[in-house]
Amino acid sequence: CTDNSSRWSTRNSSLDTTINIDTQNPTIGGPTYTPARNGAGWNNSNVTVTWTCADVGPAGIDFAASATTSSYTVDGLYPATGIGADKAGNSVSATTPVKRDKTTPSITILGANPLTWEALIAYIDPGATATDTLSGILGSIATTSTVNVNLLGTYSYGYSVSDIAS
């Protein structure tokens, strides 16, 4: 370079930098269900699935590019996927099933309702059926009765059932 007085000058500059090479995928752990699933793997309330991520390489987790939490508020079967990404662009994913059923089973009474029964004749339960379109019925229909055919009056006869998500 030359200035106006025709003098030459040399100007040098140097810069050292460290380059970290990260080719290792982060790790993903979990999942954790909140609230916890029942023994059959079902939730009967809103559920959140959370994953934990760690990076063994030098880059560190890129939390903006990672998906570590998902929530489910509608009945159904879902794949919950967690994604862990690091700042070097490496990523890992894992998937787990979410089974959510907040809807109670449906009971249909067979026969007349209300039912009129003749006194002094043994009561015969007309029965009921139960359905659950998502998780299915757990066990059989239970009955409760206050019927006394020896006394005139109004009595109750109840049916109850649980679904697998209970």
Side-chain angles (χ1 to χ4, degrees), residues 24-57 60-87 89-166:
Q24 293 180 308
N25 286 339
T27 60
I28 191 162
T32 301
Y33 291 78
T34 306
R37 301 177 293 175
N38 71 11
W42 284 88
N43 283 89
N44 63 4
S45 62
N46 295 343
V47 61
T48 299
V49 178
T50 306
W51 305 86
T52 56
C53 300
D55 190 27
V56 294
I61 292 294
D62 182 351
F63 292 100
S66 298
T68 58
T69 302
S70 52
S71 296
Y72 302 86
T73 59
V74 177
D75 284 358
L77 304 172
Y78 304 96
T81 300
I83 300 170
D86 67 17
K87 294 174 184 170
N90 303 308
S91 65
V92 64
S93 66
T95 301
T96 189
V98 173
K99 301 187 287 187
R100 183 189 175 281
D101 182 3
K102 276 179 70 172
T103 305
T104 58
S106 175
I107 298 175
T108 302
I109 296 174
L110 303 175
N113 185 18
L115 178 65
T116 302
W117 200 261
E118 189 173 336
L120 304 176
I121 295 178
Y123 179 73
I124 300 171
D125 176 12
T129 60
T131 58
D132 185 272
T133 59
L134 198 51
S135 64
I137 298 297
L138 177 65
S140 59
I141 299 172
T143 59
T144 56
S145 172
T146 62
V147 176
N148 182 345
V149 295
N150 297 314
L151 288 171
L152 295 179
T154 301
Y155 299 95
S156 65
Y157 198 92
Y159 301 94
S160 63
V161 69
S162 296
D163 64 8
I164 295 171
S166 295

**OP:** List the steps and the verdict of side-chain contact (heavy atoms from CB on, under 4.5 Å) for Thr103 and Leu134.
**Re:** CA-CA 8 Å; Thr103 305; Leu134 198 51; over 6 Å; no

Subject >> Gap between atom OH of Tyr33 and atom OG1 of Thr50 - 0.5 Å precision >> reply: 11.0 Å

Subject >> Straight-line distance of Thr108 OG1 to Ile141 CD1, nearest 0.5 Å >> reply: 8.5 Å

Original post:
Are any non-hydrogen side-chain atoms of Ile121 and Val149 less than 4.5 angstrom apart?
Top reply: no

Original post:
Does Thr96 reach the main-chain N or O of Ala80 with its side chain, forming a donor-acceptor pair under 3.5 Å?
Top reply: no

Original post:
For Ser45, does its backbone N or O pair with a side-chain atom of Asn43 as donor and acceptor, under 3.5 Å?
Top reply: no

Subject >> Contact check, side chains of Phe63 and Thr68, non-hydrogen atoms, under 4.5 Å >> reply: no

**OP:** Taking the side chain as every heavy atom from C-beta outward, state whether Tyr159 and Asp125 have any atom pair closer than 4.5 Å.
**Re:** yes

Subject >> Euclidean distance, Ser166 OG relative to Asn38 CG, rounded to 0.5 Å >> reply: 8.0 Å

**OP:** Determine the minimum heavy-atom distance between Asp163 and Asp101, stating which atoms define it.
**Re:** OD2-OD2, 3.2 Å

Original post:
Looking at Ser93 and Ile83, what are the two nearest heavy atoms and their distance?
Top reply: CB-CG1, 4.1 Å

Subject >> Exercise: identify the closest heavy-atom pair between Ile137 and Thr131 >> reply: CD1-C, 3.8 Å

Original post:
If you look at every heavy atom in Asp55 and Pro26, which pair is closest and at what distance?
Top reply: OD1-CA, 3.9 Å

Original post:
Is there side-chain contact between Thr129 and Ile107, with heavy atoms separated by less than 4.5 Å?
Top reply: no

Original post:
Under the side-chain contact (heavy atoms from CB on, under 4.5 Å) criterion, do Tyr78 and Thr95 qualify, and how do the steps go?
Top reply: CA-CA 10 Å; Tyr78 304 96; Thr95 301; over 6 Å; no

Subject >> Close side-chain approach of Asn46 to Arg100, heavy-atom, < 4.5 Å >> reply: yes

Original post:
Which heavy-atom pair separates Tyr155 from Asn148 by the least distance, and what is that distance?
Top reply: OH-O, 3.3 Å

**OP:** Please name the pair of heavy atoms, one in Tyr72 and one in Pro79, separated by the smallest distance, quoted to 0.1 Å.
**Re:** OH-O, 3.9 Å

Subject >> Interatomic distance, Cys53 atom SG to Asn25 atom CG [nearest 0.5 angstrom] >> reply: 11.5 Å

**OP:** State whether the number of non-hydrogen atoms from other residues, nucleotides or ligands found under 6.0 Å of Ile124 atom CD1 is greater than 12.
**Re:** no

**OP:** I would like to know whether Thr69 and Thr48 meet side-chain contact (heavy atoms from CB on, under 4.5 Å); could you show each step before the answer?
**Re:** CA-CA 7 Å; Thr69 302; Thr48 299; 3.5 Å; yes

**OP:** Output yes when a side-chain donor or acceptor of Lys99 lies under 3.5 Å from a complementary backbone atom of Arg37, and no otherwise.
**Re:** no

**OP:** Could you tell me whether Tyr123 and Tyr157 have their ring centroids closer than 6.0 angstrom?
**Re:** yes

**OP:** Nearest 0.5 Å please: distance from the OG atom of Ser91 over to the CG atom of Asp62.
**Re:** 10.5 Å

**OP:** Evaluate whether atom CG of Leu151 has more than 12 neighbouring non-hydrogen atoms of other residues, nucleotides or ligands under 6.0 angstrom away.
**Re:** yes

